[in-house]
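Computed over heavy atoms, backbone and side chain alike; hydrogens, waters and symmetry mates excluded. Labels below follow one simple rule: chain letters A, B, ... track the order of the sequence lines, proteins then strands, and each chain is numbered from 1. None of these values were measured; they are calculated from a predicted model.
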Amino acid sequence: MATQAQCLSYAGCNFLRQRLVLSTLSGRPVKIRKIRARDDNPGLRDFEASFIRLLDKITNGSRIEINQTGTTLYYQPGLLSGGFVEHDCSVLRSIGYYLESLLCLAPFMKHPLKVVLRGVTNDQVDPSVDVLKATALPLLKQFGIDGESFELKIIRRGMPPGGGGEVMFSCPVRKVLKPVQLTDPGKIKRIRGCRYSVRVSPQMANRIVDSARSLLNKFIPDIYIYTDHMKGVNSGKSPGFGLSLVAETTNGTFLSAELASNPQGQGTAVLPEDLGRNCARLLLEEIYRGGCVDSTNQSLALLLMTLGQQDVSKVLLGPLSPYTIEFLRHLKSFFQIMFKIETKPCGEELKGGDKVLMTCVGTGFSNLSKTLK
Amino acid sequence: RKKLPKPSQVGSRQKQGSENLINENSDIEDLLKEEEDYKDENNCTTETSGALKWKEDLSRKAAEAFLRQQQTTPNLRKLIYGTVTEDNEEEDGESGEELGGLFRVNQPDRECKHKADSLDCSRFPVEAPHDWDLEEVMNSIRDCFVTGKWEDDK
């Protein structure tokens, strides 16, 4: 790049992914200091190093400098090149951790991205691949990212601590994104779910269903929960089970909730019945929060609005998560975009809590590295 | 929307925004005066008292709406964009007292450090879960479903 953009500086390891993603998209170098500087074990962790390696694989010409203790990271982004990439993710975090950032970057590659990620598919910390498949992909479609090659396939399932899962994600590239007007979530017409179990009796997954269904049936009759019991080499290295639920509305909004069993050797055993009931409760909480975008995907929606054409985009969200609030601050420092934020009180309608209407004008970002055919 | 704020809330609001209220009231009154003059010219015969009453109510309503706006919208904006610079500028340990002229006692702002180095996760955990077995809690989201009540225009 001919002109050097001014370097942004941050402290602490929190929000590392969004800083690096926004740095890559905006072309501004970023310096992160004091990464766990006061910790007994200072510096970057394995999963963060793995994330940086993944970022290095999908870009061309990035410069990454880390000091000896790993407490300072300098990242000067290169061009997003894409293509076919294989990556072994750290088992400390699930594949969702890596995939969330890839979802932000994939539409802006030079060559369409096709990536195989190996590691933990479902854990208790990050959004699982099931949930991202059910919520984030439809969201990207709203912005005009669609096509035959747009898919997320779960090839093998892997639970913590062993991992051993594998997913394939491929995404087409776009030159520009469509502005969106997501102001009415519509009404929930059905609830779908996926219960999975690996290296335990398939009966565990069956026991989840009834308790989840009994609570949700009080609201809507159209509930179907798929069973996914993977065997042999496809079932990873550790036992476990879990449930993910997705509520779909008439206007194409997807709200999700999920729970997974405790990793082997950590905590007490979870009863499948309790897990099902608690997961159903979490889904109801998510419906109470409401909005047109699931709470885990708020920042993805806001990013795609920012990178849209120079036109007004609107999206109705539930309460903003701390992650999203920090993301908004980062959007301001990387792209100089400030959102108009209007609170919409719930009033007397029986539609859950207060909502927030976010409005912005896109920066007119276009993918200049996309090859013309 | 139609819900009137509780008396206690109104009291605190008026205390907080009393300055704003005064300014706003005078503005509103100016506006009202103009409007009254205009109205008076147009129809002196119709019930002026009724119209005035309606206007009094309007000024109060406007003031309340203004205060409500002040309380919610800019606060959220201020919460998000107001404190952006502090995070980057803040330097640690400089103010710590020295021991024997050699060692410096670090007293990090615990909360801030905790936030800077906490877990990087996009999940938004529920802080105060509702009790979904209660009928009224269940009713609070009843209309989010197709089985609930639909708006008139659909």
*Against chain B, label A:Glu248 side chain, backbone, both or neither, depending on which of its atoms sit under 4.5 Å from a heavy atom there.*
neither
*asked:* Pair A:Asn14, B:Leu119 - check side chain to side chain contact (heavy atoms under 4.5 Å, CB included), show working.
replied: CA-CA 6 Å; A:Asn14 204 357; B:Leu119 189 76; 5.9 Å; no
_Let's test your reading of the structure: which of A:Gln298, A:Glu48, A:Lys189, A:Arg289 forms the most heavy-atom pairs below 4.5 Å with chain B?_
A:Arg289
*asked:* Which heavy atom of A:Tyr323 sits nearest to which heavy atom of B:Asp120, and what is that distance?
replied: CE1-OD1, 3.4 Å
_Under 4.5 Å from a heavy atom of chain B, the part of A:Thr296 involved_ = both
_Considering all heavy atoms, the nearest A:Leu328-B:Tyr81 contact_ = O-CE2, 3.7 Å
*asked:* Is it true that, when you exclude B:Glu136 itself, more than 12 heavy atoms of the residues, nucleotides or ligands shown sit nearer than 6.0 Å to its CD?
replied: no
*Portion of A:Arg190 that has a non-hydrogen atom of chain B nearer than 4.5 angstrom*: neither
_Toward chain B, the part of A:Leu320 with a non-hydrogen atom under 4.5 Å_ = both
*Parallel, tilted or perpendicular: which fits the ring planes of B:His130 and A:Tyr288, with parallel below 30° and perpendicular above 60°?*
tilted
*So which of A:Phe339, A:Phe219, A:Tyr97, A:Phe15 has the largest heavy-atom pair count under 4.5 angstrom toward chain B?*
A:Phe219
_Interface moiety of B:Pro129 toward chain A, non-hydrogen atoms closer than 4.5 Å_ = both
_Smallest separation among heavy atoms of A:Ala11 and B:Ala116, with atom names_ = O-CB, 3.9 Å
*Taking atom NZ of A:Lys218 as the centre, report whether more than 12 heavy atoms of other residues, nucleotides or ligands fall under 6.0 Å from it.*
yes
_Lys/Arg N to Asp/Glu carboxylate O, B:Asp117 vs A:Arg36, below 4.0 Å_ = no
*Working to the nearest 0.5 Å, report the span between CG of A:Leu216 and CH2 of B:Trp132.*
11.0 Å
*Report the C-alpha distance between A:Lys187 and B:Cys144 in whole Å, list the side-chain angles of each, state the deciding distance to 0.1 Å, and finish with yes or no for side chain to side chain contact (heavy atoms under 4.5 Å, CB included).*
CA-CA 5 Å; A:Lys187 292 189 183 290; B:Cys144 294; over 6 Å; no
*Evaluate side chain to side chain contact (heavy atoms under 4.5 Å, CB included) for B:Ser140 paired with A:Leu350, printing each intermediate quantity in order.*
CA-CA 5 Å; B:Ser140 68; A:Leu350 301 176; 5.6 Å; no
*Minimum heavy-atom distance between A:Asp123 and B:Arg123, given as atom pair plus value*: O-NH2, 4.1 Å
*For A:Pro221, is it the side chain, the backbone, both, or neither that has a heavy atom closer than 4.5 Å to a heavy atom of chain B?*
side chain
*List the steps and the verdict of side chain to side chain contact (heavy atoms under 4.5 Å, CB included) for B:Phe124 and A:Glu286.*
CA-CA 10 Å; B:Phe124 186 15; A:Glu286 189 64 41; over 6 Å; no
*So does A:Arg281 pair up with B:Asp133, basic N to acidic O under 4.0 Å?*
yes
_A:Asp294 CG to B:Ser122 OG distance, which is reported to the nearest 0.5 Å_ = 9.0 Å
*Please round to the nearest 0.5 Å and tell me the distance separating atom NZ of A:Lys351 and atom CD1 of B:Ile141.*
12.5 Å
*Ion pair present between A:Glu349 and B:Arg142, side-chain N to carboxylate O less than 4.0 angstrom?*
no
*Sort A:Ala280 into side chain, backbone, both or neither according to what part of it lies under 4.5 angstrom from a heavy atom of chain B.*
neither
*Toward chain B, the part of A:Glu100 with a non-hydrogen atom under 4.5 Å*: side chain
*asked:* To the nearest 0.5 Å, what is the distance between CZ on B:Phe145 and CD1 on A:Ile188?
replied: 4.0 Å
